[in-house]
Every structure is written in structure tokens, then in C-alpha cells.
Amino acid sequence: MRHQLSLLAALGLLAGAAQAAQDPFYSITEVATSEDTAGAGFGPWAVGMATGSSTRDAVLSRASNNDGYSFFNMAPMALDLAHRHRYEQGCTAVLASAVCSAYWDGMDNGAYQWRADTLSYVSQTWSLLDGSLSDEQDGILTRLGETKYEAVGYKVAVSPTSDSNYYPRTGLLRLASGDIELTSGEDPDSVGGFASAYSLLKLDDDRYLVGGTANTSVSPPDSALELCYEGDADEHYLCPGFNTQAALWLVDPSDSATTSYESVQASAYDEDDADMLQTAAVQGLAEVDGSYWAVGYSSHIYDGSSSTGERNLAVFWPISLSDEGVSLGDLQQIPLDAGVPAEGDGVLRHSWALAINDNGWVIGNQQYGTAKGRNLPIEMFVYQIGSSGNAAVPFADAPSTGSNSEAAALNNVNQVVGWRDERSETQPVYQGSPRLQEAFLYNIDSGNSWRLNDLICGRDEAGSASCAIDGKYYYIAYANAINDDGSIAATAYRYDSYDDWANRNNPTTVSILLNKNSAFEDGDVPDSLVVTNALPANDYGASSGGGALGAPWVLLLGGVGLFRVLRRKK
């Protein structure tokens, strides 16, 4: 009898252990919704977060009054006139013409509105931080520092230059004490004025090193400035209207008498041609073993017969820093297996680096110029300064040939976040329609990766997946920032019911903060805390060759801006 009771007790203990509820690896906190961006219409989308240990709830978001990003088949927060590689190719070279036409003028506030606002100058972008909404003339923030009181970005002037419809843009460093203006150093009424800041690094002496882009003294060809800001709607490929160069600003906040700094620019492009419209930028800064580095992109010449034949190439620069000033050394290409954009077989169209961490790891993306698996994919790469080999492309052709994967940010423990094709997406993109994106987390050291949607479900007492949060369901589409503790800023779509989530009906766009409930194991998520949370499979593919779309169409999916054929797999 005693043995029987002991056995029953043991079984009871096992049953109790099996029925213990389990929290998800990440908990979700909403930091901004569409109600916070009234008047913008599209968004909000998370773009960054403060990096300090006590301020990791400071999430930076962005919103827009138009859906221009869908026309260019990009993430919604990525459209910035300074980054020409994002939009110069246009839509019809990638997507079906019917899709492009509908994205352009087939709905209110589509890409045509984006272009019209550029030509007539109407502020079209907003930043949202700590409940405060600001437009382009107040300042668009692109990255935060250690706290929400340290940020960089750009401002647009309240009036145009004297002889054109161009409203000058200047970079900014925003501190608790006020804004500091970062200019190109050129006269806006002659060559023009265009500058933006995208990265910042606080130095040990409390100065700030800021990286970005600024226009040069060389006027762009083919009246690019005039045609970008006063031309026809289809002349957006001549934007940003300036030759720009990778730029640094060294700012000393203790010098209260100086509120405006001129850029220090790279001495040369990867390839230089004054007859070309050329662009370059610093997008990331870091100190690595006592040396300073900048990463970004530079101009590379593709077609000498066309003034718009320039392409962008992922590069890095050593930085010389002293009490007297700062300078960018000779750039170095980031070596890629697919080669240099537009050279050789012309496999790639563009590549660009986005960020570098304290260990010298660099993340970036390469964009294909020739079809690969029915797509012109963007693929994430990782590269370490000083390594002898080519950059690694962790998600190349995974799960299928031509799959997309785009890096957005990394931390100092070598974790990367970004987005990739939703796991069941296989329909043609090339001359077809875009694919839904899904946020990921990747560990450079182990090579392991996770879909963030699999890290937000717990388990109930019966051991079943439990994904509802106060009766709501979330789909995480884009991850744009990760701190050293693993907290993540991301964009999600919130649904009021499981059926809405499963069918992608009636979503609300939200910026969210993901905080860990459990610890990483050497940067990896424990297998026991990964709960599969995939959307039901859909057949969004074309019904016939060439990527032609079937019907009916869903014009806009809660800010995702993706055309879809609603044809369920049986």
C-alpha cells in the first residue's frame, strides 16, 4: 500500500510539473498606437530606442501621411529622401505594373501623395517620442543615444531658398539643453543645403561624434535639384537633388556659444565622377579596441552614359579623432560573395552598411539587381572589421531561393534584429506583389535565429500555447532596435481576436517594447521557451505566369501596404 501511495504521489508531482504555466520569453508593452499619431494616418513604426540601462523604455517611433513606401517595396519606416538606393529603381522594375499603378494613385495618400508633397513641400513625416509628436520642421529623429534626451535627425526649413521650391534640410543633435544645428557647410542659396544625421557616439570627454550625410560643393548634373523639387511626378529618381558625401560632426556641448557645426566629409567616393548624381552616408559609429570606425555606403559608378548610373556600395572608414577635430580616412569596401554592385554579372544593385558594435561586427544589406528565385531580394549580411574573408549572409536562400532578410540593428553582445519574409511566403515578387514580413532575432556567435512571433507565447497549465495578451493577439512585422540586455523595439499589428489575427483582419499598428522574462543562454533563446506561433498558411501566389495578380485584392492591410490575393489553402 505504501508503494502504491508513493507511486501515486510521484505521478501527482509529475502531473503538477507538466501543468505548470509558462511565461513567454518576451512580454509586450505598447508604447504608441495610431491614436498617438492622429493626422499622420500611417504608422506608428518603431525606429529606435535609448541605450542606457535605466532608460530602455524610451522607444522612438515614426509615422507618415502617405503610403509611398509600398510603391518602392520597402519597410514603411525606411523611406528617406537622403537614401537614394531605397527608391531610385522605382516600382515597375520590381513589382507587377497593376500593383505599381494602384500603389501610385489607386488609393488616397499613396505614392503619388508622397511625390506631390515633395514637389509642393508639405511635411509628410512625424517623429513620436515619449508622447510628443513632431513634424519635419520641428525635427525628425533617426536615432537615440543613451537617454531619450540625446538624439540625432534632421530639420526642414520653414521657407524655401530664394530661387527654387527647395526647403533646406539640416542635421540636428538634440540634447536636453536644446538643438544643435548640423549643416553641410554650403550656402543654401548657391549650391544648396542638405544634411541629415543617423548615428551618434558620446565620447569620454562628453563631446559627441555624429555621423550622417551632407551635400558637397559640386552641383548635381541634369538639373537634379530643380527636377527633384519642381519637376514632374516621375522624376523622383533625380532626388535627393544633391551630390551628398559621408559626413561627421564633432560637437562640444560645453561650448554654449556654438550652436551650429559644419560637416567634415569623406575625401573621396569609392568611385568618383562629377557627371554623376552621387550619394554617400555614415550610418553607424563605434569605438573598437581604442580605434574609431564609421560604416555606411559610398558612391560606385555603374553606367558612365547616364547621370543616374551611380550605385551605392557598403563601406567602412577609419576615423582620426583628436582634441582639434575629426576626419574620415580612406574607405574600404565590405567584401561580398555576390560581388560589387552592378559590376561583373551585375548580380547586385546596391549594398549598404547600417551599424557597427563595440566588437567590430558590422551589419548591412545587399539588394539584388537580377532576379533570384522569382524575386529581387534584399539579404542581410554580417562582417567583422579586420577579418580576411567575405561577409556572411546568414539567411541566403532560406527558407527558399530568393528569400528576403533585412538587418536593422545590433547590440554589443552580437545579437541582430530585423525582418524577413513571413515563413510561409513563396509567391513571386519579381513582376508580382510584395511579401509579408516577419521580425527576427539572430545571434552572430552561434548562428541561431528566431522569429519574434515565436517568443511572445507562453504555455497554459495544460501545456498548450497561450498567445493572447488581455484578449489581444499580435503579429510582429519589423524589429528596429535591440539593447545589450536583449530588449527590443518593434512594430506589430494588434488584433482583437484570434480569428482576426489568423485572417489578418482589422489590425491596429502599434510600436512595442519587448522585455525578457527569462535569460538568454550565451545569447540564445532556450529551446523550451520557443513556442511556434506561425500564421495560418495562405496561397498568395499568382494564378498565372508573370506574377499577374488574381482577385479580389486587399488594398491596404492596416499599414502593411501589401496587395494580397485572399485565396485560402484548403
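The basis for the numbers below is simple: all heavy atoms, side chains too, and nothing from hydrogens, waters or symmetry mates. Remember, predicted model here, so these are calculated numbers, not experimental data.
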Exercise for review: May I ask you to check whether over 12 heavy atoms, not counting those of D289, lie within 6.0 Å of atom CG?
Suggested key: no

Value for NE2 (H350) from OH (Y297), rounded to nearest 0.5 Å, stands at 10.0 Å

Residues A477 and W419: closest non-hydrogen pair is O-CB, 3.4 Å

- request: Flag the pair Y292 / L203 as yes when at least one side-chain heavy-atom distance between them is below 4.5 Å, and no otherwise.
  value: yes

Note to self: Strictly below 4.0 Å, N to O, side chains only: are E406 and R86 in salt-bridge contact?
What the structure shows: yes

Value for CD1 (I456) from CG (N533), rounded to nearest 0.5 Å, stands at 5.5 Å

- Report yes if the side chains of T37 and W126 come closer than 4.5 Å at any heavy-atom pair, otherwise no. no

Residues D80, R62: salt bridge by 4.0 Å N-O rule:
no

dist L144:CG -> L60:CG (nearest 0.5 Å) comes out at 4.5 Å

### Residues, nucleotides or ligands: over 12 heavy atoms within 6.0 Å of Y149 OH
no

With D524 as partner, the option from V530, D445, N443 fulfilling side-chain contact (heavy atoms from CB on, under 4.5 Å) is N443

CG of D454 to CZ of R423, rounded to nearest 0.5 Å, is 4.0 Å

Subject >> S449 side chain reached by R420 side chain, heavy atoms, under 4.5 Å >> reply: yes

### Query
Would a distance-only check, ignoring hydrogens and angles, find a side-chain to backbone donor-acceptor pair under 3.5 Å from K372 to P377?
no

Nearest heavy-atom approach of S70 to L95 is O-CD1, 4.2 Å

**Asked** Within a strict 4.5 Å, meaning less than it, do heavy atoms of the L376 and R349 side chains meet?
**Response** no

Under 3.5 Å, is there a donor-acceptor pair between the side chain of S134 and the main chain of G139? yes

d(Y368 OH, I378 CD1) to nearest 0.5 Å is 12.0 Å

| Under 3.5 Å, is there a donor-acceptor pair between the side chain of N412 and the main chain of D484? | no

*Under 3.5 Å: donor-acceptor pair, side chain of S403, backbone of S400*: yes

Residues M49 and S487: closest non-hydrogen pair is CE-OG, 3.7 Å

Scanning both residues in full, the closest heavy-atom pair of W317 with G296 reads CZ3-N, 3.7 Å

Is P76 close to Y478 at the side-chain level, that is, under 4.5 Å between some pair of heavy atoms?
yes

Paired with I482, the side-chain contact (heavy atoms from CB on, under 4.5 Å) test is passed by just one of I488, T51, L514, namely I488

* Sub-4.5 Å side-chain heavy-atom contact between F42 and D67 -> yes

A391 and L336 have their tightest heavy-atom pair at CB-CD2, 3.8 Å

Counting only N and O atoms by type, is there a donor-acceptor contact under 3.5 Å from the side chain of D397 to the main-chain atoms of G402?
-> yes

CD (Q384) and CD1 (I356) are apart, to the nearest 0.5 Å, by 9.0 Å

*Working for side chain to side chain contact (heavy atoms under 4.5 Å, CB included), residues Q22 and L529*: CA-CA 8 Å; Q22 174 182 290; L529 298 178; 3.6 Å; yes

E150 vs Y208, test: side chain to side chain contact (heavy atoms under 4.5 Å, CB included). Steps then yes/no. CA-CA 10 Å; E150 302 168 310; Y208 288 89; 2.3 Å; yes

| query | So do the side chains of P526 and F25 get within less than 4.5 Å of each other, counting heavy atoms only? | reply | yes

Is there a side chain to side chain contact (heavy atoms under 4.5 Å, CB included) between S127 and I140 once you walk through the steps? CA-CA 5 Å; S127 278; I140 298 300; 3.6 Å; yes

- Please answer whether the main-chain N or O of V429 pairs with a side-chain N or O of N375 as donor and acceptor at a distance below 3.5 Å. no

Q.
Using modelled atom types and a 3.5 Å cut-off, is there a donor and acceptor pairing between side-chain atoms of N357 and backbone atoms of N359?
A. yes

Notebook entry, point to check: Would you say the ring centroid of W450 lies under 6.0 angstrom from that of Y26?
Noted result: no

Open item on the list: When you compare the side chains of D500 and Y498, does any donor N or O come within less than 3.5 Å of an acceptor on the partner?
Closed with: no

Can you confirm whether I319 sits close enough to L328 that some side-chain heavy atom of one is under 4.5 Å from a side-chain heavy atom of the other? yes

**Q.** Note: E30-K472 ion pair, threshold 4.0 Å (strictly below)
**A.** no

Notebook entry, point to check: Under 3.5 Å, side chain of N480 to main-chain N/O of G48, donor-acceptor pair present?
Noted result: no

**Report entry** Side-chain H-bond candidate by donor/acceptor type, Y475 with E422, under 3.5 Å
**Finding:** no

Compute whether any side-chain donor of one residue and acceptor of the other, for N404 and D421, lie under 3.5 angstrom apart. yes

Go through the steps for S199 and V282 under the test side chain to side chain contact (heavy atoms under 4.5 Å, CB included), then give the verdict. CA-CA 8 Å; S199 55; V282 170; 4.0 Å; yes

In short, P434 meets Q427 closest at the heavy-atom pair O-NE2, 2.9 Å

Q | Check: T142 side chain, V152 main-chain N or O, donor-acceptor pair, under 3.5 Å | A | yes

Check whether Q366 reaches the backbone of F381 with its side chain - one donor and one acceptor, N or O, closer than 3.5 Å.
no

